[in-house]
There are 2 protein chains.
Amino acid sequence: MSGAKGVKERRTAAGGDDRDDTIALMELLFFAYRDFISDPDAILEEIGFGRAHHRIIHFVGRQPGLRVSELLGILRITKQSLGRVLRELIDKGYVFQQEGAHDRRQRLLYLTGKGRELLARLSAPQIARVRRALDEAGPGAEAAFARVLERIIDEGERGRVRQMTGREKRSG
Amino acid sequence: MSGAKGVKERRTAAGGDDRDDTIALMELLFFAYRDFISDPDAILEEIGFGRAHHRIIHFVGRQPGLRVSELLGILRITKQSLGRVLRELIDKGYVFQQEGAHDRRQRLLYLTGKGRELLARLSAPQIARVRRALDEAGPGAEAAFARVLERIIDEGERGRVRQMTGREKRSG
DNA sequence: CAGAATATGTCAGCCATATTGACATATTTC
DNA sequence: GAAATATGTCAATATGGCTGACATATTCTG
């Protein structure tokens with residue numbers, strides 16, 4: 001199971017092979033995501049919300065006027081699952097809906113002032129965490145980090161994500 | 001809310017600021033993780049398992065002889081939550097336990113042959129996805145990717161993670 | 001215009017996975 | 001011998017997913 005099986009398993013300085021290196025990176029991704037995603041938990045708990053509420057507030061905040069169907073696609077959940085949490089956000093005054101101008105079947109989603117305030121509070125620790133990591137990782141790390149993450153994303157999704165994040169085609 | 005608020009919000013080529021860039025990266029992390037983590041779902045479903053089973057099999061496979069308490073720390077769940085899933089894995093012959101040699105209270109965890117086979121199947125698409133992304137992202141991207149991820153992880157956890165992933169102190 | 005398709009919402013029941021709290025057993029440490 | 005530790009289990013509960021069925025309003029299409 002070690003070395004000499006061709007280019008795919010060339011050894012590295014540390015004595016591992018490509019496969020081990022890749023698994024180590026997968027674990028880093030697991031732990032980084034775990035810690036990153038738990039940052040807002042304390043704030044959410046104060047108001048009886050969960051991560052599902054945060055996700056909705058985040059994407060509505062980033063894309064005001066988002067359609068319900070788009071949000072379903074982003075979150076990859078069913079409308080029934082979304083429905084329960086979204087209803088709560090609307091009832092408690094964090095999100096409101098507005099009829100689409102061109103298509104009145106649509107219920108476009110927006111944050112209220114209260115919603116934007118909450119989003120700012122929830123995002124703050126996550127932004128600080130990531131920004132600090134980027135600064136410490138040295139110049140060029142941000143671009144490389146983005147390049148790898150983008151290519152981990154499903155190929156068919158990259159265009160949509162690139163557009164959402166305001167990172168247009170170009171060298172991308 | 002734009003520009004000229006000091007070094008922290010210097011503008012970039014694309015016209016965004018640091019804050020927007022960081023949020024875009026956070027979204028890339030979200031989508032990359034979402035797609036990465038769903039790769040094994042189809043295989044898991046075949047045998048009636050979920051992601052919780054995969055996580056246990058992964059970390060036991062990576063660290064044979066892992067103690068139950070260590071696994072609880074890695075997964076950040078309670079022993080009651082772990083218990084149900086671990087019991088299933090043991091009953092179905094994917095994991096076995098062995099009394100600790102020095103401390104007979106410990107139930108050290110190991111994968112059976114069947115467990116290792118399943119782990120290989122589950123990991124394959126994830127390894128392929130990440131390796132392809134690294135290759136496409138160009139030379140140096142892997143190191144930068146690792147540096148950023150590592151620094152996103154809670155500071156108090158980095159030592160443990162570094163040890164687990166076989167990436168010792170050094171420049172890291 | 002009628003009928004099909006689309007966008008959304010809601011009810012009901014179920015499942016996977018997490019939680020807290022209480023308690024039990026075996027073993028090791030003091 | 002008592003306390004601390006490592007593990008396991010029972011019961012009740014919460015969150016956030018799922019499927020299936022059905023309802024409404026609106027737009028598109030032949």
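Naming: A, B, ... by sequence-line order, numbering from 1 per chain. Everything quoted here is computed from the prediction, not taken from an experiment.
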Starting from P on dT17(C), measure out to CG on L89(B) and report it in whole angstrom. 10 Å
R105(B) vs D103(B), salt bridge (charged side-chain N to carboxylate O under 4.0 Å, His left out): CA-CA, chis, key distance, verdict: CA-CA 5 Å; R105(B) 290 171 304 182; D103(B) 185 338; 2.8 Å; yes
Grab the CD-C1' distance between E45(B) and dC18(D) for me, whole Å please. 11 Å
Give the rounded distance in Å between these two atoms: CG of L44(B) and P of dC15(C). 19 Å
Do the non-hydrogen side-chain atoms of I74(A) and E27(B) ever get within less than 4.5 Å of each other? no
Should the side chain of R105(A) and the base of dT6(C) be counted as holding a donor-acceptor pair, with the cut-off at 3.5 Å? yes
Run the numbers on R167(B) and D20(A) for salt bridge (charged side-chain N to carboxylate O under 4.0 Å, His left out), then give the verdict. CA-CA 10 Å; R167(B) 296 156 41 267; D20(A) 285 346; over 6 Å; no
Is the F49(A) ring parallel, tilted or perpendicular to the H53(A) ring (thresholds 30°, 60°)? parallel
If I take atom NE2 in residue H102(A) and atom P in nucleotide dA25(D), what distance separates them, rounded to the nearest angstrom? 23 Å
Counting neighbours of CD on E45(B) that are heavy atoms of other residues, nucleotides or ligands and sit closer than 6.0 Å, is the number greater than 12? no
Considering only side-chain heavy atoms of R104(A), which listed nucleotide, dT5(D), dT26(D), dA18(C), is closest? dT26(D)
Quick check on DNA chain D: between R51(A) and D103(B), whose nearest nucleotide comes earlier from the 5' end? D103(B)
Measuring to OP1 and OP2 of dT9(D), would you say a side-chain N or O of R87(B) lies under 4.0 angstrom away? yes
Return the value, rounded to whole Å, for the distance between atom CZ of R107(A) and atom P of dT24(D). 14 Å
Base, sugar-phosphate alone, or nothing: which one does E88(A) contact when heavy atoms must sit under 4.0 Å apart? nothing
With a 4.0 Å heavy-atom cut-off, tell me which residues in residues 69-86 of chain A come close to DNA chain C, sorted by residue number. S69(A), K79(A), Q80(A)
Whichever of V68(B) and A101(A) has its nearest DNA chain D nucleotide further upstream toward 5': V68(B)
Look at atom CD of E155(A) and say whether more than 12 heavy atoms of other residues, nucleotides or ligands are closer to it than 6.0 Å. no
Give the ring-plane orientation class for F59(B) versus F31(A), where under 30° counts as parallel, over 60° as perpendicular and anything between as tilted. tilted
Whole angstrom value for the distance that separates P of dT8(C) from CD of Q106(A): 6 Å
If I take atom CZ in residue F49(B) and atom P in nucleotide dC15(C), what distance separates them, rounded to the nearest angstrom? 17 Å
Whole angstrom is fine here: how far is it from CG in D41(A) over to C1' in dT15(D)? 12 Å
Categorize Q97(A) for me: base, sugar-phosphate, or nothing, with a 4.0 angstrom heavy-atom threshold over every strand shown. sugar-phosphate
